[in-house]
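The analysis underlying the following values was restricted to heavy atoms, covering all of them including side chains, and did not include hydrogens, waters or symmetry mates. Below, chain A is the first sequence line, B the second, and so on; all start at residue 1.
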Amino acid sequence: MDKTYQPQDIETSWYKTWEDSGYFKPSGEGEPYCIMIPPPNVTGNLHMGHGFQESIMDALIRYHRMQGNNTLWQVGTDHAGIATQMVVERQLDAQGISKHDLGREKFIEKIWEWKEESGGNITQQLRRLGASPDWSRERFTMDDGFYKAVQEAFIQLYEEDLIYRGKRLVNWDPKLHTAVSDLEVLSEEEDGFMWHFRYPLTDGSGHLVVATTRPETMLGDSAVAVHPEDERYKDLIGKTITLPLVGREIPIIADDYVDKDFGTGCVKITPAHDFNDYEMGQRHDLPIINIFNDDAQINNDSPDAYRGMDRFDARKQIVTDLDELGLLEKIEPHKLKVPRGDRTGVVIEPYMTDQWYVKTQPLADEAIKAVENGDIKFVPKQYENMYFSWMRDIQDWCISRQLWWGHRIPAWYDEQGKIYVGRSEAEVRSKYDIPSPIKLRQDDDVLDTWFSSGLWTFGTLGWPEETEELNTFHPTNVLVTGFDIIFFWVARMIMMTLHFKKEVPFDTVYVHGLVRDSHGQKMSKSKGNVLDPIDLIDGIDLESLVTKRTAGMMQPHLRKKIEKQTRKEFPEGLASYGTDALRYTYYSLASTGRDIKFDVGRIEGFRNFCNKIWNASRYVLMNCEIQDDEGNRIEAHDCGQDNSEDYELSVTDRWIVSKLQEVEKAVADGIDAYRFDLASQALYDFIWNEYCSWYLELSKPILTSDTSTPAQKKGTRRTLIRVLETTLRLAHPLMPYITEEIWQRVKDLAGVDGSANSIMLASMPVCDESKIDQQSIQDVEWLKQVIEGVRNIRGEMNISPAKKIPLFFANGSDEDQRRLQSNEQYLMTLASLDKITWLNANDSAPMSATSLIGDMEILVPMAGLIDKNAEITRLNKEIDKINNEMARVDGKLNNPKFVDKAPAEVVQKERDKLTDMSAALAKLKDQEKKISEL
RNA sequence: AGGACUAUAGCUCAGUUGGUUAGAGCGCUACCUUGACAUGGUAGAGGUCCCCAGUUCGAAUCUGGGUAGUCCUACCA
């Protein structure tokens, strides 16, 4: 083995082996366990959020696979309608071609080409993470089978009257020329203005002042509304206004939606271009006057002067014109929420169109019940509230999109506009008996991407066919996803699955936070703080990182800023940390419900952890086999794996095995509770602090000493290798590569069945309580305390670690003496001693620096080693510490209320503490006095 | 406007049902190339657990009220 851990040397080849060997496929045996991957955008790239999410899923999958479950991780990608279409449109744009130049068919071909070209990218990146989904079952939301599922779902819902076509106001994206759902609109507060206009009364008796943030919509006004009890305007209700610039006569109406105290108390009503106005229009039977075309330019039904004008130009012109007419009363700065498309960023326009809708209420009712009655659980639980509040106030879902890339809606129209829904034109014709002379035209629209994603859990398993996989793996066990798509996806999946499958899509939803940068900022291209998981795995030099972060950046000042910031933060670029370190970092940060701040310092720490495991394994191997200069095995030592009983386990062997049981439990508990931070912490602590820092050091005196017997050496080897092998299996779900690499070299020494080819198919270690030996734990605890006591004196007194020193034990019990006798060898080595002396009650001790282990004192003679004043200082520090603590405990015990009311055992504990401390204090003070008198 | 979440060491975070001398990693200080590992070892410093009040014998933990931040939902033209 190499002296240092080099992740790049081991990762890709192991992945290939696993995949080629078919290890990712369900075993076909055991309890089924299934996770559906949230399908990433097929032409997208892996970002930190994916990295986190997939690492969590892979840990769960590997863990369950090793537990013997029939484990399926279903993988696939999403066609991501709008996003993908936009990318290809932009590419064509760069060549000066518009999609209309190509026509629908050719354009879709182009997208398929782009899908073929870049589609493998994200799945390759997923492989780099060590993800172990069943690639042989990979799906795409627009593959033939999925198309069929989508079609079937649409037709069924239509036939059940749960899908309908309707004309109403939708969120219109004038850049994309499509409707979008409420969820795809983001409203941010922006600076704007409030314009106050005078609207003259038709009878010439004066005017009303209306306030608006959108002057251009006045062309479509069909009323002015006031509050029915507003004294100022009561008499005007029923009169009319002559709309300036347009000349239309519109009524003044009363509606208690109007807030008397806001603006002027008069509201212009534009039913065709505002959701609230639309409602009011319905209530008062007002005409709906559309003033825009699909581009949000003023249409030809509007006054000549404004036709063809962009909405924002028209706004300016209308304000100017009204001003010239003396009708502009004032303009005030005003903050308002501006709705923008989440993809395009342009202002979304409420717009009258024909669209397809899903009637959501009946579906939502069932979906709410499923969470209420616990069939589906959210982790963390608080997200259930978010889910409920949205579901209980759900609106019908607009599912049609005026795009070309997606599942085309399976509906046909005859020349009268009558709708026929079916699987194909032929089916529709025969079903509704439509003769060929009658022309049918298929609906041009495609379905919202989330409509198809909603079918993901069962569509990928073969629905609408009743497949074996569907029976085996559905409902799935857990969905791992970000909170940002609970509404988009999780809620819809629950509704659709309950409706079509009559069962839940998954038992548990594990919701994680957003991955942010180390300062808590969202990672974004424009901020230039994006980290690419692949760069963290492979490393990247500074220049490449700068180039990458500033690529495609239009504004030069942003470019400069990002470059400066990047050079400052990563002056050396990024080192190659490897997949295992990256994954471990994710796990360590995966506590509940929080966003994740990703700090490169953390990943470096875990790369070091990998190195620690690597080197500990080297040590174990060096002691379990005879090696050549390169560290290759020439011959294996007998590590006690045959069934002979000629080995002897020491107290430290029994201790580390006990500790191993504890960490096995901690890891299992952590993973079972989706607390990967706790699982990874427990494992880290065990490997680094217990196994490496203590156990490996404790094994050295046995293995190197001439006085230890062959049986003792064999027992130690056996424990070294077995604990290592078990720990590797325990760690494998979290760090697949390094564990496999090392496991292959240790498995036979640890007595693993020779037919086991890969650690990923080995069994997950399970805590065996009967192997926990309390006596050994206490003994080693004692031993550690003695060693730490000596080291503390050494450290504080600046005694060179190379200097061997004598040690005396005073005031010890029989138990102490027993422990000393059985651990002398360890003590001599680990504390670097040259002599140990046990003092009986009457023996006199040399003047020494002292440390207390319970009642027992350990003494390091001062002669020639220790400065008197330094020791006094050290003792006083100890004395102060104990004094403070004693004062606290004393106060407690002198409080009669505490003594009366607290449980007896708590009181007793405090009493014991006090007794121990006063004994210790007396000894330290005595010691301090003696030394001072020297 | 309603709701959720967060506040613990310089930084990033743990802290189970109230009882610990409040922990970890990184960073920091001193010493050390000893044979698995300097991607290392040993020792150490560092905390008014956001503030105020309450419940309790006892509060980082429970309750109420603040303050600050993050986010979600709905919005007034």
For this session: Given side chain to side chain contact (heavy atoms under 4.5 Å, CB included), test A/F598 with A/T585 step by step and report yes or no.
Result: CA-CA 8 Å; A/F598 194 95; A/T585 311; 3.7 Å; yes

For this session: For the pair A/F197 and A/L328, evaluate side chain to side chain contact (heavy atoms under 4.5 Å, CB included) and give the outcome as yes or no after the intermediate values.
Result: CA-CA 5 Å; A/F197 296 132; A/L328 175 62; 3.5 Å; yes

Restricting both atoms to N or O, compile the protein contacts to nucleotides 15-17 of chain B shorter than 3.5 Å, with distance only.
unit_1	atom_1	unit_2	atom_2	d
B/G15	OP1	A/R675	NH1	3.1
B/G15	OP1	A/R675	NH2	3.4

Protein-nucleotides 22-30 of chain B N/O pairs under 3.5 Å:
unit_1	atom_1	unit_2	atom_2	d
B/A24	O2'	A/Q681	NE2	3.2

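One finds a side-chain N or O of A/H334 lying less than 4.0 angstrom from the OP1 or OP2 phosphate oxygen of B/A77. Distances shown here put every side-chain N or O of A/N615 at or beyond 4.0 Å from the OP1 or OP2 atom of B/U39. Taking 4.0 angstrom as the limit, A/R214 places none of its side-chain polar atoms (N or O) nearer than this to OP1 or OP2 of B/A77. Distances shorter than 4.0 Å separate none of the side-chain N or O atoms of A/K612 from OP1 or OP2 on B/A36. A close approach under 4.0 Å does occur between a side-chain nitrogen or oxygen of A/K901 and OP1 or OP2 of B/C57. Within the structure, every side-chain polar atom (N or O) of A/K597 is placed at least 4.0 Å from both OP1 and OP2 of B/U70. Put simply, A/K877 has no side-chain N or O that comes within less than 4.0 Å of OP1 or OP2 on B/G44.
Annotation: A/F378 is not in aromatic contact with A/Y383 [ring centroid separation under 6.0 Å not met].
Position along RNA chain B of the nearest nucleotide to A/S518 versus A/R607 favours A/S518 as the more 5'-ward residue.
The side-chain contact (heavy atoms from CB on, under 4.5 Å) test with A/L720 singles out one residue from A/L696, A/I656, A/V746, A/L621, and that residue is A/L696.
Taking 4.5 Å as the limit, some side-chain heavy atom of A/Y5 sits within range of a side-chain heavy atom of A/I10. Side-chain contact between A/R874 and A/I793 is present, with heavy atoms from C-beta onward closer than 4.5 Å.
If you check B/C57, B/U70, B/A38 against the side chain of A/K3, the one that comes closest is B/A38. Counting only heavy atoms from C-beta on, A/K337 has its side chain closest to B/C75 among B/C75, B/A43, B/C57. Among B/C71, B/A36, B/U39, the nucleotide with an atom closest to any side-chain atom of A/R618 is B/A36. Nearest to the side chain of A/D259, among B/U20, B/A77, B/C72, sits B/A77. Checking B/A36, B/C57, B/C32 against the side-chain heavy atoms of A/N895 singles out B/C57 as nearest.
The aromatic rings of A/Y691 and A/Y695 lie parallel to each other, their planes meeting at an angle below 30°, with 60° marking the opposite boundary.
Contacts with RNA chain B (heavy atom under 4.0 Å) in residues 386-395 of chain A: none are found.
Residues A/L169 and A/A272 share a closest heavy-atom pair of CD2-O, 3.2 Å.
Between the base of B/U42 and the side chain of A/R791 there is no donor-acceptor pair shorter than 3.5 Å. One cannot find a donor-acceptor pair under 3.5 Å joining the base of B/A4 and the side-chain atoms of A/E384.
Note: CD1 (A/I742) to C1' (B/C37) measures 12 Å, nearest angstrom.
Remark: the A/S705 side chain and the A/K700 side chain contain no N/O donor-acceptor pair separated by less than 3.5 Å. The closest side-chain donor-acceptor pair between A/T873 and A/E871, if any, does not fall under 3.5 angstrom.
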